[in-house]
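Whatever order the structure lists ligands and atoms in, that order sets their numbers, starting from 1.
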Amino acid sequence: MLKVQFCEIIMVQLAEARRQKFALRICDELKAQIEAGTLTPGGLLPSTRALAAELGVSRTTVTEAYEQLLAEGFIETRPGAAARVSSSLGPSASPRARHPCEPSRVRLSAYGRRVRDFPPPPLVTGRLLADFRYGDMSAGDFPALAWRRVLNSVIARRPQRLRYGDAAGAPELRAALQAYLWRARHLRCDLEQIIVVNGSQQGLDLCARVLLDAGDRFVIEDPCYAIARQIFLSVGAVPVSIAADDEGLQTARLDKIADARACYVTPSHQFPLGGVLSAGRRQQLLAWARRTGACIIEDDYDSEYRFDIGPIRPLQTMSEGASVIYLGTVSKTLSPALRLGYLVVPSAMIDVFTAAKRLADRHTPTLDQQALAELIASGAYERHVRRARRRNAQRRAALLEAISVRLGDAATIVGSDAGLHVVVWLNDISPDREADVIACAQAGGIGIYPITPLYGSSSARDRRNCAGLVMGYAALDERDIRRGVERLAAILREFAS
Ligand SMILES: Cc1ncc(COP(=O)(O)O)c(C=O)c1O
């Protein structure tokens, strides 16, 4: 009897030792992930129940590991809430720390080497009083009810099988876009010419792969949408930067360029300066494309937002004999997080773009495509666009007024007639101090972003001999816009003194 009891005690002790060992291992593994930056400050940890089930250990073992991490300050817990990585931990010292077993050298492709060296977008950390980051939208503007309604209705249709869809896009979305483009942009095309993509960005990526080989030349506006430039550079193509002014791309300069394969333009609203490509320049550009065989890539990213005149007709509608690929997106009307966009390609390019899209990711998620199709077909999309235009006109008015009142002659605003951003030239600050102004503003709680990285050539940048900002306003309400500009003005005064 005594022997049996003794054995039981030994068994219990062994089980306890094993449990402690497992708890320690879990604790070490989570610490390593936190230190490597895989788990970031504030990030959620799995629940003890889920992790125990995943690892095949008892919940007590995981709880013990979490208690140890809590005691050491790696995680924080609140009653009734999931455990999180301590938000007081700064960003990991080596977020990309290499696992000890990984090889130290990996041979990258030419593409890999090029994209590795592109600078990441500017990172702003900490809480800001006002963040004028261009591209962000207010979550409050998203038509959540309407989106939920169309998603529910798509899900309720319950197809018998879940299957891969058409690489070029769901037929109902292509049909809805075809009708929308005709109504909103006077753009007439066959349904087959529409290729649904994951945002304009994927459309640009497909254009680069399909049209350009390493060493080929492409024309791009200067300054320009930096991502477009990087995408074309990523395939090894060589940029020919042509300055843009109040009337967009200076097309007269195309005369000397006979061997470019593509030309990327934002004719309805030059990014970032805001000019509209004038009628004469449109003709020049199209004539050049006809003469040289270059393909025009027309990025119509924010044409829904014109505040002065009616919408500008796309180049695509006057292309006759020239190859024009039209690019649209819902990133400015619904949300950049949806990743939904579309190409309208010349008929001769339908097959190649469909094949390239299929290889890239098979197709854009079907549910989202069908939901967007229903939103457009029901009329809710255009109602929302009208509301969003009114709302953004109010934000724009608040920004223009605040800049004029608070900054006066110290600032010149350009490109405010359309879109969701303006360029602000800081007349009294030299270009070489642009980065310092931005750092100072960020330290003072204001997110502002430089124009210089959008320039491809220093000669084009030199034409404006002062610091410049690209200021987006679609994510802020009027009160924050005013407070942000007021604080910015104070920071600039201090900076100048
Ligand atoms: C010039 C330009 N094109 C396109 C886009 C939108 O890109 P996407 O559709 O990939 O979100 C933006 C967004 O900021 C832009 O500035």
Side-chain angles (χ1 to χ4, degrees), residues 120-122 131-138 141-142 169 173 177 181 185 194-208 218-232 234 241 244 248-249 262-277 296-306 312 314-316 325-344 357 360-361 364-365 368-369 372 381 385 388 392 414-416 418-423 447 449-451 453-456 469-475:
D131 188 356
F132 292 95
R133 177 186 289 275
Y134 165 69
D136 291 358
M137 310 269 293
S138 164
D141 286 4
F142 184 72
L173 178 55
L177 285 170
L181 285 169
R185 308 294 291 125
I194 299 177
I195 314 278
V196 178
V197 286
N198 301 335
S200 321
Q201 174 135 354
Q202 186 179 46
L204 289 168
D205 190 58
L206 297 183
C207 288
F218 67 96
V219 171
I220 190 156
E221 300 159 331
D222 198 7
C224 68
Y225 182 41
I227 287 183
R229 191 183 159 83
Q230 287 187 353
I231 287 173
F232 298 130
S234 76
S241 291
L249 184 80
C263 172
Y264 168 81
V265 266
T266 46
S268 299
H269 186 224
Q270 201 278 327
F271 185 84
L273 297 178
V276 176
L277 194 66
I296 297 172
I297 301 164
E298 173 178 27
D299 186 353
D300 198 28
Y301 62 108
D302 67 1
S303 54
E304 296 81 4
Y305 299 99
R306 272 233 77 92
I312 312 285
L315 268 182
Q316 199 273 1
I325 296 176
Y326 176 90
L327 203 56
T329 179
V330 302
S331 289
K332 308 282 165 207
T333 50
L334 291 175
S335 162
L338 277 176
R339 310 311 304 135
L340 283 170
Y342 43 92
L343 297 168
V344 180
K357 169 68 181 166
D361 60 3
T364 293
D368 292 345
Q369 291 195 61
L372 179 60
Y381 179 72
V385 170
N392 282 306
V414 301
S416 62
L420 301 175
H421 73 279
V422 292
V423 167
Y449 301 87
I451 195 166
L454 308 187
Y455 278 91
L469 308 174
V470 180
M471 290 180 78
Y473 50 82

Rounded to the nearest 0.5 Å, the CE atom of M471 sits from the OG atom of S416 at a distance of 12.5 Å

A student checking ligand 1 against Y134 at a 4.0 Å heavy-atom cut-off should list atoms 13 (C), 14 (O), 15 (C), 16 (O)

The closest protein heavy-atom partner of atom 5 (C) of ligand 1 is Y225 OH, 3.5 Å

Taking only non-hydrogen atoms of Q201 and a 4.0 Å limit, the atoms of ligand 1 in range are 10 (O)

In this structure, atom 6 (C) of ligand 1 is nearest to the protein heavy atom S200 OG, 3.7 Å

Here the atoms of ligand 1 under 4.0 Å from any heavy atom belonging to R339 are 8 (P), 10 (O), 11 (O)

For Y264, the atoms of ligand 1 under 4.0 Å from one of its heavy atoms are 1 (C)

Can you find a non-hydrogen atom of K332 under 4.0 Å from ligand 1?
yes

_Residues Y301 and S331: side-chain donor-acceptor under 3.5 angstrom_ = no

Answer yes or no: is there a side-chain heavy-atom contact under 4.5 Å between V344 and P314? no

Output for pair (L177 CG, I194 CD1), nearest 0.5 Å, gives 5.5 Å

The atoms of ligand 1 lying under 4.0 Å from a heavy atom of S331, numbered in the order shown, are 8 (P), 9 (O), 11 (O)

Ligand 1 atoms nearer than 4.0 angstrom to some heavy atom of D299 are 1 (C), 2 (C), 3 (N), 4 (C)

Note: ligand 1 atoms sitting under 4.0 Å from heavy atoms of F271 are 1 (C), 16 (O)

Review point. Do R229 and S241 get their side chains close enough for a donor-acceptor pair, meaning under 3.5 Å?
Key: yes

Under a 3.5 Å cutoff, is there a donor and acceptor pairing between the side chains of T364 and K357? yes

For T329, the ligand 1 atoms with a heavy-atom partner under 4.0 Å come out as 8 (P), 9 (O)

May I ask you to test the Y342-L173 pair for a side-chain heavy-atom distance under 4.5 Å?
no

ask   = Can you find a side-chain donor-acceptor pair between D361 and Q202 that sits under 3.5 Å?
value = yes

For Y342 and ligand 1, answer yes if some heavy atom of the residue is under 4.0 Å from a ligand atom, otherwise no. no

